[in-house]
There are 2 protein chains.
Amino acid sequence: MVEFAPIRSERVYEKVVAQVQSLILDGQLKRGDRLPSERHMVDQLGISRASLREAYSALELIGLIETRPRDGTFIKEEAGSSLHPLALFFLADDNFEEDFLELRRLLELQVAGLAAQKMDAQAAASLHSCVQRMAETIDDRMSIELDKEFHRRLAKGSGNRMLVSLLDAIAHVVDHHIEANRVHWFQQPEHRRRLVDIHTHVADAVAAADSEGARRWMEEHFGLVDEMRRLHQEVKV
Amino acid sequence: MVEFAPIRSERVYEKVVAQVQSLILDGQLKRGDRLPSERHMVDQLGISRASLREAYSALELIGLIETRPRDGTFIKEEAGSSLHPLALFFLADDNFEEDFLELRRLLELQVAGLAAQKMDAQAAASLHSCVQRMAETIDDRMSIELDKEFHRRLAKGSGNRMLVSLLDAIAHVVDHHIEANRVHWFQQPEHRRRLVDIHTHVADAVAAADSEGARRWMEEHFGLVDEMRRLHQEVKV
DNA sequence: GACGGTCTCTGGTCTGACCATAAGTCCAAG
DNA sequence: CTTGGACTTATGGTCAGACCAGAGACCGTC
């Protein structure tokens with residue numbers, strides 16, 4: 001059964017939002033940077049001021065930018081005061097990497113533990129098939145997709161939709177930051193083998209409803225991630 | 001030294017956003033509900049369509065609503081697919097309560113453990129002064145504020161700004177849902193005593209840099225919260 | 001040098017228009 | 001009768017242009 005995604009034409013303001021987010025994630029826009037004035041921006045983008053303001057108000061609401069009347073529009077300095085703190089995920093800086101990984105590790109361990117308690121045999125089998133395909137494919141990009149899919153299914157299996165949502169958000173940022181590096185990891189057969197190995201153990205533990213084991217192997221997973229990060233020091237996040 | 005907050009006039013679109021968020025949190029707007037058409041809404045609110053659309057685009061970006069061209073604007077059915085999954089916090093439903101508490105407990109335990117490792121003597125003392133004032137005041141609302149302040153300082157002390165942000169967001173929803181119930185808790189002297197007691201122990205553990213102890217007493221805290229929730233079955237979240 | 005007006009820039013708001021499209025309405029041709 | 005097409009009306013998406021308030025720069029007058 002093939003599923004078709006409904007056609008959804010992207011609105012102008014969404015393109016602007018995506019562009020600004022991209023620039024922030026890429027580090028081309030940093031905390032405190034000033035954006036062009038609305039009227040100049042409108043000229044550059046070739047859109048109406050109304051559309052631009054839709055984009056700006058959205059970015060402001062999620063806490064990424066800040067507009068100061070009679071002054072200008074700026075990338076937010078203190079993202080913490082925002083109503084929608086996920087914006088923090090975009091504003092990387094010095095300690096960002098550690099904070100980020102710490103949170104992710106915490107959530108993933110919890111997810112592994114919960115999934116082991118709640119996933120039925122069929123769901124656990126789908127984890128195994130994920131790992132299986134990961135082991136077989138020779139396409140690096142496919143490997144990465146399967147890796148992400150594994151964690152996604154695990155999160156769904158935890159039964160806690162908040163955890164699913166948060167990890168989704170994290171995955172979004174990770175995609176931007178470490179895609180290239182993850183390719184490196186998969187390209188080294190040794191690393192690839194260990195990754196597949198660990199994922200298998202997690203899946204095994206989940207299938208055996210072994211909550212503690214699932215946590216332990218997920219912990220192992222992050223140990224490996226740490227190790228790889230140290231190897232590639234240029235790795236961001 | 002008294003600090004004055006800069007005057008910040010609220011924009012029109014922010015008021016609209018706040019109103020919609022409120023209606024969702026209060027349950028007056030549920031998943032799938034249809035909002036009035038833009039032109040009707042404009043009449044009801046007495047604002048321009050441009051401002052309304054700023055509000056709608058912001059709400060759409062954070063995943064709370066969904067606009068379908070030539071159809072209408074609706075409260076989102078599946079908040080999970082959003083780019084900004086914190087919207088989930090607003091869309092309570094059946095299992096929401098458990099998921100929510102599970103996540104909060106996880107984060108608060110981590111915060112307690114980290115804070116014990118990282119907070120210096122002065123910061124720990126500020127925790128104690130919080131608890132002290134909590135024990136002394138007879139104003140219930142003040143007690144609640146001090147309770148929140150305690151957890152906020154603890155989060156800051158963890159040094160992980162992501163945790164701070166997430167707990168801020170959670171606090172925002174909690175404020176909407178359980179303010180009234182928290183008053184009940186504080187009104188019973190026995191409960192109040194135990195709450196103060198537990199907070200004191202957490203502060204003690206933090207001051208002693210006893211990470212495990214801080215986690216344990218925070219665990220105790222959530223045990224008490226669970227107990228109180230069972231007593232007041234009408235309690236939401 | 002000090003005062004005060006003016007000019008320009010900023011974001012905030014509003015008005016009114018146009019577009020594409022879907023759904024319903026109605027009428028005429030078959 | 002049914003059927004097909006035209007028309008109307010609703011929707012959201014976009015745009016152009018206008019006005020406002022306020023802050024700062026500029027410049028002339030006193």
### Task
Would you indicate what B:R49 reaches in the nucleic acid, counting non-hydrogen atoms under 4.0 angstrom: base, sugar-phosphate, or nothing?
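It contacts base atoms.
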### Message
Does B:R68 reach a base, just sugar-phosphate, or nothing at all? Heavy atoms under 4.0 Å.
### Response
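The residue B:R68 makes sugar-phosphate contact but no base contact.
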### Task
Would you mind telling me which residue lines up with the more 5' stretch of DNA chain D, A:P69 or A:R39, judged by nearest nucleotide?
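Nearest nucleotide further toward 5': that of A:R39.
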### Message
Let me confirm one number: the CD-CG distance from B:E108 to B:L163, rounded to the nearest 0.5 Å.
### Response
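Here the interatomic distance stands at 9.5 Å.
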### Task
Decide yes or no on side chain to side chain donor-acceptor pair (under 3.5 Å) for A:H199 and A:H151, but give the supporting numbers first.
CA-CA 9 Å; A:H199 281 97; A:H151 289 275; 3.3 Å; yes
Between [atom2] of [N] and [atom1] of [X], the distance in whole Å:
X	N	atom1	atom2	value
B:Y13	C:dC14	OH	P	14 Å
B:R53	C:dT13	CZ	C1'	16 Å
B:R70	C:dA23	CZ	C1'	12 Å
A:L52	C:dG11	CG	P	9 Å

### Message
I'd like the 5' and 3' limits of the part of DNA chain D contacted by chain A, with heavy-atom contacts below 4.0 Å.
### Response
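Nucleotide range in contact with chain A: D:dG13 to D:dA23.
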### Partner of A:S37 under side chain to side chain contact (heavy atoms under 4.5 Å, CB included), chosen from A:M41, A:R34, A:R39
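The residue from A:M41, A:R34, A:R39 that satisfies side chain to side chain contact (heavy atoms under 4.5 Å, CB included) with A:S37 turns out to be A:R39.
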### Task
For B:R105, look at atom CZ and say whether over 12 heavy atoms of other residues, nucleotides or ligands are found less than 6.0 Å away.
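Check fails, neighbour count at 12 or below.
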